[in-house]
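Letters go in sequence order (proteins before strands), and every chain restarts at 1.
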There are 2 protein chains.
Amino acid sequence: MKHDSFNESAEMYLKTVSELAVNEGPVPISALAGRLGVSTVSATEMVHRLQDHGLVEHQPYKGICLTECGYRQASEVIRSHRLWERFLADDLGLAWDEVHSLACRLEHATDPKVTEALDAYLGYPATCPHGNPIPRHHSTPSEPEDCPLTELRPGDSAVITRVHPESDELLEYLADLELVTGTYVSLFEVVPFNGPLVFKERERTVYLGLEAAALVFCKPVEEA
Amino acid sequence: MKHDSFNESAEMYLKTVSELAVNEGPVPISALAGRLGVSTVSATEMVHRLQDHGLVEHQPYKGICLTECGYRQASEVIRSHRLWERFLADDLGLAWDEVHSLACRLEHATDPKVTEALDAYLGYPATCPHGNPIPRHHSTPSEPEDCPLTELRPGDSAVITRVHPESDELLEYLADLELVTGTYVSLFEVVPFNGPLVFKERERTVYLGLEAAALVFCKPVEEA
DNA sequence: CCGGGTTTTCAGGTTAACCTTATCTTACAA
DNA sequence: TTGTAAGATAAGGTTAACCTGAAAACCCGG
């Protein structure tokens, strides 16, 4: 009665639950459905299927959590995803903002054997090109010490550390603004009434909406 | 009316037709079905779908041929397959007889952009680890000058150049016998009544059935 | 030229993953 | 506490890719 390495669809569900679960607590099905671009009815159906396989636990009207087994499978997919991103970006020279969607397809076609070998080949990198940690067996993911850009105060400086959760549109948008991981930024002002954050860099001014800023994390830097 | 990069199933059909089409002439649907492990009815259905998309041409009771467009798509899949095999074997160090099935999954998840970059990264290799040529745009695949092991006469010596078509069982079997590409063999005798070929190598004797031998190609070597 | 074996088609069935519409049920907040 | 929005379920439909079984069309060798 093995759940023989799941299919793409199931993997996407598990991965997405894992991504949305960072803020602790059960993930509402509507959030899942929204992120996956399916109806809540479809998502509910699928969640039940996954529950039957012992991969998630659904508490009606609350949300869903991954079981131990579901978590392991999700991690495996995420691991493969982030390793491919590293390979595509570092070795194949593909763009920072396109490796995400390319890896999204490869991740489901990757045998654990390949993931393992790829990890070794890349020298066990700590993170993907967008700064997210690469899960490894027997390594509890240490709490990241970064904070979203939205927590900066005017005058603060910081280095962008990661983007989470990743999505094509966001990454493309950030790449356009040249706000990629490793970029140094200093916050000039926060426009009132939920207006954008304004960053001033040598000769350029960048406006970043709150929605986007909440998904970009950074590590504050002491002024020189 | 784009046929927007096909799905896995269709790609497998195209790829398989391409593989079976080496012996010129239309490929019978039964052969296709056999190779893909589906019923002839299912294969017929699918072939009709592919025909509707202008990828193959089906001549009833004769067989099917790839159209220009179908051929291009098949080549793209094969190209990606063989490049992945090279990468998995040469860079990741995975075994000669397992990279085939691993690449079989990756090939359908590979964007042309990735194929292109991978090709460059690998230095535009001429063949996959099993000796089959890697198709490239604007390069007519030059006729290979090798012949199947079955054409050797007792006393002949040769170097194994490729295995075609590839399959898990065959590759595993050959790996067991240490009859991989590049191996030097000399034919000792051919057992009558469709018996196996007998190769004698320093201290070892290898028996290879006719079925298998017909799929292994070699280039004869003049005796020293 | 005819009959047996291969191909094709027809009919009907299955599964997974979706969909919509509509009707409950529940949680929470005013 | 009660109304409403969010969530769950029910019912019925779609599509792609499979399946079996059975009938019809065709090809070719004797």
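Listed pair B:S42 / D:dA17 fails the phosphate criterion, with no side-chain N or O lying under 4.0 Å from OP1 or OP2. The shortest distance between the side-chain N/O atoms of A:H58 and the OP1/OP2 oxygens of D:dA8 is below 4.0 Å. Of the side-chain N and O atoms in B:R49, none sit less than 4.0 angstrom from OP1 or OP2 of D:dA16.
Between the NE2 atom of B:H53 and the P atom of D:dA17 there is a distance of 8 Å, rounded to whole Å. One atom, CG of A:N7, and another, P of D:dA16, lie 18 Å apart when rounded to the nearest Å. Rounded to whole Å, the distance from CE on A:M46 to P on D:dT9 is 17 Å. If you take OH of B:Y13 and P of D:dA16, they are 14 Å apart, rounded to a whole angstrom. Spacing between atom NE2 of A:H108 and atom P of C:dA16 amounts to 19 Å, rounded to whole angstrom units. The CG atom of B:L50 sits 12 Å away from the P atom of D:dA16 (whole-angstrom rounding). Separating the NE2 atom of A:H48 from the P atom of C:dT15 is a distance of 19 Å, rounded to the nearest angstrom. Here the P atom of nucleotide D:dT9 and the CD atom of A:E45 are 11 Å apart, to the nearest Å.
B:K113 pairs by the side-chain hydrogen bond (donor to acceptor under 3.5 Å, both in side chains) definition with A:E98, not counting sequence neighbours.
Under the ring pair (Phe, Tyr, Trp, His ring centres under 6.0 Å) criterion, the residue pairs touching residues 19-48 of chain B are B:H48-B:H58, with sequence neighbours excluded.
Residues A:R72 and A:E76 are not paired through a salt bridge, judged by the lack of any N-O separation under 4.0 Å between the basic side chain and the carboxylate. The pair B:E8-B:K15 fails the salt-bridge criterion, with no side-chain N (NZ, NE, NH1 or NH2) lying under 4.0 Å from an Asp/Glu carboxylate O.
With DNA chain C read from its 5' end, the first of the two nearest nucleotides for B:P28 and A:K62 is the one closest to B:P28.
Residue-level contact check: A:S30 touches the backbone only, with heavy atoms under 4.0 Å from sugar-phosphate atoms and none from bases. Residue-level contact check: A:S9 touches the backbone only, with heavy atoms under 4.0 Å from sugar-phosphate atoms and none from bases. Using a 4.0 Å heavy-atom cutoff across all strands shown, A:G63 reaches no nucleic acid atom at all.
At a cut-off of 3.5 angstrom, the base of C:dT25 holds at least one donor-acceptor pair with the side chain of A:Y61.
The aromatic rings of A:F87 and B:F87 are tilted relative to each other, their planes meeting at an angle between 30° and 60°.
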